[in-house]
Amino acid sequence: MNAFQEARRLEEQIVQWRRQIHRHPEVGQALTQTAGLVRSKLEEWGVEYREVIPNAFMAYIGPKGGKSVLLRADMDALPMDEQTGLPFASECPGAMHSCGHDTHTAMLLGAAKILKDHESELTGQAILMFQPDEEGLTGARDMIAAGCLKDPKPDRAVAIHISADALKTGQLSIRSGVCMASSDGFRIRLHGKGGHGASPEDSISPVYAGVKLIGAFADIARYELDPQQPAVVNICAIHTGSTYNIIPNDCEIMGTVRTFNEKQRARLLERLQQAMNQVAALYRCTAEWHIGQSAPSTHSDEQFSARLHQLLSRDLPEIDLIPLQKTRGMGSEDFSFVTQQVPSAMVSLGSTSPQGQAYPMHHPKVVFDEKTFVYGTAAYVQIALSYFADEE
């Protein structure tokens, strides 16, 4: 089987699936329409699958008992309004596929169709993971907790993520080592005592305490972390007050912590919480600490990534495979939960945006090149074929 030729024959259908998903974006785990499309296609093609949690599927193609590889696609959109002007732009206010998960889903559907059509030729089992809520960092976590990596547990796992600005259409990049940071979203609520802005002595200002706390966090990030170990402590939202002459009762501060080192991650979160309590007490406030969205760092197994690079260099000449990448990014991925349990590879797929529309992912005007979908589908298929046939 020639994976690229098979994908090319299916290209028009892949584009249509992607446009359908793009037009009807859904956020988090409430992916009724998107999951409905995936379910209907798997059933139409006679693919064995199970719904692990609502709107989340594991599909199985090929014989059991031999090698197995998991291929992941995330399906959720982001909570933002689209500004692309595309004829198939989002019809759902407050939701947009600006991270390309619609493309991942369509490309893996294409791979499912090809692999199923050639199932009798497969010598191993492709395990397809269609997951919700990557953006909220709960999808893979909840699927794993529900047993998606058991009976059978895959031998290897691969996730492909489209890239709007770092790579060109037709280029593929395989990451090696710890490639994406952990993520911990925190929310702090400072409680003071409201009052008149003209009488601060009769009140306890959570706003002032919040300003001091933000400064303390910046000092911890600046002076207490090993400068050779990259980390980010970033305040991204402050919610407090209503007008110029009222001291509010409460101040809410939200931010994110990113690290590559689990020991540093634990120590940093502990120090931030200590600082919160101490600064709040100093300025006569009380404080609440809450960690929300969290995921560990993503590890692209060095040995598997290197071998996969060799295999695709040999077996998929239609793709421009750039040298193995050992760079790290502060962005996070909930595929990290899979990489903790299965030797995995994180793969980036290039998509050159049209001239004048070269925006990064998560931008309301980002546009992905539809010509790249055939490369992504072919890569999914060839990864499975090459891994099954590999004798090393």
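From a predicted model like this one, the values you see are computed outputs, not experimental measurements.
Checked by atom type, the side-chain pair D74/Q131 shows no donor-acceptor distance below 3.5 Å. With no hydrogens or angles considered, no side-chain donor-acceptor pair links R267 and Q264 at under 3.5 Å. Between the side chains of Q171 and Y375, no donor N or O sits under 3.5 Å from an acceptor N or O. S300 and S305 share a side-chain donor-acceptor pair at under 3.5 Å. In the model, H191 has a side-chain atom that pairs as donor or acceptor with a side-chain atom of E288 under 3.5 Å.
Hydrophobic clustering, with ILVMFWY side chains joined whenever heavy atoms are under 4.5 angstrom apart, keeps I53 apart from F130. In the hydrophobic cluster analysis, where Ile, Leu, Val, Met, Phe, Trp and Tyr join through side-chain heavy atoms closer than 4.5 angstrom, Y387 is grouped apart from M346.
Among residues two or more places apart in sequence or in another chain, the side chain to side chain donor-acceptor pair (under 3.5 Å) test is passed with E262 by R265. With sequence neighbours left out, I204 forms a side-chain contact (heavy atoms from CB on, under 4.5 Å) with K193, R284, C285.
Using a 4.0 Å cut-off between a side-chain N of Lys or Arg and a carboxylate O of Asp or Glu, E134 and R72 do not qualify as a salt bridge.
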Apply side-chain hydrogen bond (donor to acceptor under 3.5 Å, both in side chains) to the pair S344 and D301, showing each step before the final yes or no. CA-CA 5 Å; S344 304; D301 184 81; over 6 Å; no
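If you take CE on M129 and CG on L71, they are separated by 11.5 Å, rounding to the nearest 0.5 Å. Atom NE2 of H22 and atom CD of E370 lie 9.5 Å apart (nearest 0.5 Å). Between the CH2 atom in W17 and the CE atom in M107 there is a gap of 12.5 Å [rounded to 0.5 Å]. We find the CD-CD1 distance between E48 and I61 to be 10.0 Å, quoted to the nearest 0.5 Å.
Partner V158 forms a side chain to side chain contact (heavy atoms under 4.5 Å, CB included) with one of L308, I174, L70 and no other, that one being L308. With T34 as the partner, the side chain to side chain contact (heavy atoms under 4.5 Å, CB included) test is satisfied by one option alone out of E26, Q20, H24: E26.
Aromatic ring orientation, F57 versus Y49: perpendicular (interplanar angle above 60°, classes split at 30° and 60°).
Proximity of a side-chain donor or acceptor of T372 to a complementary backbone N or O of T169 within less than 3.5 Å is not detected. With D315 contributing its side chain and Q382 its backbone, the two residues share no donor-acceptor pair below 3.5 Å. At least one donor-acceptor pair closer than 3.5 Å links the side chain of S336 to the backbone N or O of P296.
The cationic atom of R18 (NZ for Lys, CZ for Arg) does not lie both less than 6.0 Å from the six-membered ring centre of F373 and within 45° of the ring axis.
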